[in-house]
4 protein chains.
Amino acid sequence: MPTKIKINILLSLPPSDFLAHLGGIYEKSPWIVQQFYNEHLSPSLDASVVEATKERITNVKQLFDEMKRYVKDGGKEMQLDLLRSHPDLCLKLDPPGDADDTATAATTTDEDITQESRHEQRRANLSTLTPTERTTFHKLNNEYKSKFQFPFILAVRNASKYTVLSALEGRVGSSVEEEMSNALFQVDKIAWMRLLDKVDYAEGANGHGGFLTCHVLDTANGIPASGMQIDLYRYDTVDSNDGTNTQKQERKLIKSFITNSDGRLNGPALTGSEFKEGQYEWIFYAGDYFAKYSGSRLSGTPFLDVVPLRFGLDDPTEHYHVPLLVSPWSYSTYRGS
Amino acid sequence: MPTKIKINILLSLPPSDFLAHLGGIYEKSPWIVQQFYNEHLSPSLDASVVEATKERITNVKQLFDEMKRYVKDGGKEMQLDLLRSHPDLCLKLDPPGDADDTATAATTTDEDITQESRHEQRRANLSTLTPTERTTFHKLNNEYKSKFQFPFILAVRNASKYTVLSALEGRVGSSVEEEMSNALFQVDKIAWMRLLDKVDYAEGANGHGGFLTCHVLDTANGIPASGMQIDLYRYDTVDSNDGTNTQKQERKLIKSFITNSDGRLNGPALTGSEFKEGQYEWIFYAGDYFAKYSGSRLSGTPFLDVVPLRFGLDDPTEHYHVPLLVSPWSYSTYRGS
Amino acid sequence: MPTKIKINILLSLPPSDFLAHLGGIYEKSPWIVQQFYNEHLSPSLDASVVEATKERITNVKQLFDEMKRYVKDGGKEMQLDLLRSHPDLCLKLDPPGDADDTATAATTTDEDITQESRHEQRRANLSTLTPTERTTFHKLNNEYKSKFQFPFILAVRNASKYTVLSALEGRVGSSVEEEMSNALFQVDKIAWMRLLDKVDYAEGANGHGGFLTCHVLDTANGIPASGMQIDLYRYDTVDSNDGTNTQKQERKLIKSFITNSDGRLNGPALTGSEFKEGQYEWIFYAGDYFAKYSGSRLSGTPFLDVVPLRFGLDDPTEHYHVPLLVSPWSYSTYRGS
Amino acid sequence: MPTKIKINILLSLPPSDFLAHLGGIYEKSPWIVQQFYNEHLSPSLDASVVEATKERITNVKQLFDEMKRYVKDGGKEMQLDLLRSHPDLCLKLDPPGDADDTATAATTTDEDITQESRHEQRRANLSTLTPTERTTFHKLNNEYKSKFQFPFILAVRNASKYTVLSALEGRVGSSVEEEMSNALFQVDKIAWMRLLDKVDYAEGANGHGGFLTCHVLDTANGIPASGMQIDLYRYDTVDSNDGTNTQKQERKLIKSFITNSDGRLNGPALTGSEFKEGQYEWIFYAGDYFAKYSGSRLSGTPFLDVVPLRFGLDDPTEHYHVPLLVSPWSYSTYRGS
């Protein structure tokens with residue numbers, strides 16, 4: 001994990017440092033970042049232009065919005081070049097003539113896979129594909145490449161091999177127009193994830209960061225669910241350390257809360273540097289809450305008791321409101337704002 | 001766990017065996033079961049009456065519905081007697097060999113708590129109450145007893161100490177009329193849970209058992225979610241074996257499914273002897289499913305990926321339909337039929 | 001409709017005026033209001049007590065909370081007296097020896113039905129019962145009275161005859177304890193509705209009034225639904241003027257809104273004197289909103305287009321948050337806070 | 001409305017009749033239908049091919065699925081031609097120098113708008129655009145045409161002018177690839193709607209038609225909502241007859257139902273020839289239902305009483321399951337299956 005830089009420091013870096021830091025976010029296409037720099041931050045520009053850029057861009061999302069426009073407006077030829085700059089997912093899976101999957105992978109990697117995408121693909125545990133899955137994968141992947149003339153690209157962080165296979169299966173049937181659009185969307189997502197690793201998004205120049213909130217509504221009684229305990233966990237991906245070169249998820253308790261009289265937490269559950277991209281889980285102790293209702297006719301084994309709610313944060317500059325609407329017999333949740 | 005008897009065999013037992021088997025389901029009140037037997041199954045009745053009973057009652061729920069009517073229609077005096085036959089939850093808290101509270105607890109236990117309720121209360125881990133919780137518990141419990149003149153009763157199987165405290169806190173504020181109704185409801189629930197341990201409910205005379213089904217709807221696209229993997233887990237309560245005399249929950253994979261073209265499983269997920277009272281969890285691989293949609297704009301870290309859904313089965317004679325309605329940004333579930 | 005008085009003026013009325021204004025809220029039981037007055041507002045009390053009351057009670061809800069406690073804590077005998085002070089719903093339906101249901105009703109009314117309940121019952125259109133419904137009604141009503149020894153009471157404002165029949169059918173099966181609790185709940189609701197007609201709840205001494213808000217979440221895209229048009233209608237009950245002596249509902253547009261970038265309205269939809277008890281309807285132009293999404297695959301006849309959401313406000317001192325969570329294929333709503 | 005033909009009769013028509021009947025479903029592009037006919041139904045084919053076609057295609061959906069493939073696989077040039085065969089929405093709006101909007105429209109129509117699209121556009125009431133809306137419309141429409149080089153196409157049946165404006169506003173920002181895909185999707189939708197007017201879809205050769213079902217779940221009590229009345233209405237678009245040449249919606253009661261013990265209707269609500277494309281509305285009498293629950297603490301003005309649920313049917317060959325999950329304080333619905 002490279003050092004993260006605050007956005008205001010980043011925007012003041014000399015050209016070569018800026019490029020060294022961010023140039024890799026679009027696969028083998030440093031020119032995108034370069035072009036953004038040239039037009040908005042370069043010392044050769046009028047000082048007022050650079051100043052305006054620094055005023056306009058105070059968090060990582062704003063920075064990204066400006067950079068990705070170069071892809072969107074770059075024309076079809078450039079877009080195809082960018083897509084074709086991505087490695088074939090296959091390389092990792094099937095090193096020619098190599099039983100144990102190591103040496104050759106290293107070899108091919110040097111040329112065909114950048115450091116960033118190797119890391120991301122490892123998380124997908126593609127190496128655990130069964131023979132049948134591997135066959136399916138190769139078949140679909142070849143079909144895909146021959147139909148669209150660019151490699152299959154998926155923003156795969158933490159995705160399982162099933163997600164990869166499912167996405168490949170679904171997208172191979174797209175029209176060429178649709179798939180071009182899909183693939184460019186994925187390219188942006190990859191750049192975004194890489195960018196998050198390089199910018200300290202917790203504190204922009206103006207301190208505009210995202211945060212997480214919660215709310216519990218009791219839909220059986222039409223009131224806020226007050227006094228309910230909620231635990232918040234974070235999932236981290238760690239090495240399996242079992243010789244398989246795979247990774248697994250570990251769950252860690254971050255905080256416990258009790259809902260207030262409005263069914264909310266007092267303040268954000270996560271904010272600042274704690275509010276980072278990743279997978280989280282609320283645990284709602286709904287059974288304890290409903291037991292308090294004298295009229296509630298709960299069973300010896302209630303239908304709902306401990307309610308887990310697992311969710312991912314993708315954009316640490318936004319407000320994630322992740323509430324629970326719950327009766328003893330039903331519940332729902334959604335990404336709110 | 002006592003031997004479970006099939007319902008048709010149970011209904012043919014001689015009086016003393018019938019009473020020995022079921023007499024304990026209502027705390028220290030074998031007369032309820034006795035009275036049911038006398039009026040519906042006794043050899044001294046006209047044979048046609050007994051025959052009609054056996055035809056009418058073919059599963060454990062029907063049996064229970066008839067027995068619990070004796071409580072409902074028993075009049076206030078009888079109901080108060082029944083409530084007062086229950087042990088004080090407090091007794092369990094003060095374990096023998098404990099400096100301040102000892103002798104009495106050991107003594108009272110032998111006499112005042114039946115085997116069944118001691119077992120159930122242990123699951124609540126009341127012994128892990130912190131000093132503050134213990135004080136609160138005693139205060140509320142005393143308030144409750146002095147207000148209502150009967151002990152606090154809760155069908156506590158698998159309930160945490162928080163559920164117990166929460167229920168006590170909520171119900172101590174009831175009116176006397178309400179709480180009498182609440183307490184009788186709990187008494188019925190306890191009897192029901194005990195009855196389930198004694199009757200082989202998987203196969204009634206007519207084979208009327210309950211079963212579990214699932215359905216996944218994709219609410220973003222308005223279609224059944226087909227091809228989604230679902231895992232079904234069961235939670236069992238086991239001894240902690242850590243010297244604390246407490247219990248913990250263990251999760252075990254039962255089955256894996258792939259939804260069919262209608263978003264359903266092919267046949268019930270659980271039925272017969274597998275469909276038993278307890279806590280379960282669906283794991284829906286929603287992220288893999290949505291990855292298949294070429295137009296889906298999923299993030300590198302999707303908001304929803306693996307969706308867990310934990311639920312309890314209380315009545316093994318019923319159909320539990322536990323579906324998922326899911327978009328990439330929201331989901332809901334409910335006890336269906 | 002009697003003149004509404006502001007809460008601070010009300011609390012300063014001399015005893016006889018206070019009683020004249022509020023004494024009728026509990027059917028034929030002015031002593032409840034009297035007792036509240038004597039203990040909290042009477043000139044014969046220490047001035048500091050009266051002052052404290054006025055400081056404590058700044059809206060109609062707080063006033064009601066204090067008055068209803070006299071019922072709750074009044075003991076069983078008093079509660080039964082109160083229940084028995086209510087008229088029999090039957091009187092309106094079946095005036096002895098009267099074919100066309102007019103003259104006699106006036107006669108019986110004088111003695112047995114107070115002015116307030118006559119008005120409320122008329123809204124239920126009980127006079128439109130079919131012969132079969134009327135028979136059912138009488139049968140259940142008699143069963144009810146003979147079982148519970150008090151008349152069937154239902155807070156019937158705007159309720160249809162079906163609601164009345166349904167409630168009667170459901171409650172006749174209650175235990176005596178439960179039904180006593182149910183009936184007292186209804187008595188409180190009636191008092192509450194009558195109180196709302198007599199107090200100007202829009203502005204308490206401190207201006208604490210309720211208000212209505214809305215929020216639209218797009219659950220297909222995981223974002224606030226901005227730019228969606230919403231209309232707000234109010235339903236008023238007006239005389240049918242068709243010679244049937246019945247009433248009907250009329251819908252009137254109050255306001256139109258466009259959701260802002262957070263999917264909300266700018267400020268409350270209703271507040272102050274506009275936020276009053278009654279039935280309302282949101283009309284959400286969801287189809288227009290989703291049409292904006294270039295990727296949305298809407299049909300020629302979309303599954304969801306105009307989404308109506310009808311709801312009632314019962315407590316004008318509270319915040320009613322009535323949101324819509326909507327995808328092109330599903331939606332949900334709830335009473336939020 | 002042209003005569004509808006049964007699918008099996010349709011598939012046996014001679015070439016010229018087949019083309020005359022269906023040739024217009026794709027705007028000015030009869031060759032699509034022609035090509036389908038030539039390859040699957042033509043008398044010049046081997047008889048076994050024709051037989052296989054007739055066996056394979058037994059309802060209107062299957063027929064359409066085969067015809068639309070010619071568009072999907074037709075290549076970019078053909079697709080652009082097809083898009084450009086569509087009339088400019090503008091023509092209808094702005095007849096040069098014509099106050100009453102009739103004569104010129106007739107003139108332009110002859111050349112530029114086919115009979116089918118004139119009918120569909122009239123439903124959008126574009127003639128009621130305000131001057132501001134008209135200006136916006138022209139601006140966006142011109143921008144659209146100049147960006148994509150084909151006219152803006154929307155399957156507009158029953159769509160309001162707001163839907164048209166909203167769609168135009170949203171889609172003008174698409175990338176060229178995306179918008180090509182969007183526009184072709186709309187073209188298919190238009191063809192589908194036209195096809196439904198020409199085929200008697202109620203009875204395929206094998207009688208495979210769609211149908212409508214309902215289910216009401218009580219999420220406060222975790223049970224099916226039995227005994228609830230539900231009304232089903234249909235909305236029809238009729239001429240306003242107010243001299244404005246516009247159309248309006250009229251609501252007509254089709255049927256009333258009472259839910260059975262499983263919360264369902266006994267059999268489909270609509271099937272066969274009654275189950276046709278259009279807008280419908282369920283009215284659920286939820287307030288009456290909840291009044292039955294003795295423990296329910298409903299208000300004098302319940303939060304939910306009469307619950308309307310308006311929905312559109314687009315595909316009369318499918319099963320539409322449109323359920324209600326409802327508590328006294330919340331509800332949700334979705335397109336089920």
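A note on names: the letters A, B, ... follow the listed sequences, proteins ahead of strands, and every chain is numbered from 1. Since this is a predicted model, take the numbers as computed values, not measurements.
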With chain B, which of D:D218, D:D262, D:L325 has the greatest number of heavy-atom pairs at distances under 4.5 Å?
-> D:L325
Using heavy atoms and a sub-4.5 Å threshold, report which of residues 219-227 of chain B line up against chain D, by residue number.
-> B:T219, B:G222, B:P224
Atom NZ of B:K276: over 12 foreign heavy atoms under 6.0 Å | no
Residues of residues 330-337 of chain B with a heavy atom under 4.5 Å from any heavy atom of chain D, in residue-number order, are B:Y334, B:R335, B:G336, B:S337
Cut-off 4.5 Å, heavy atoms of chain B, and the answer for D:H215 is side chain
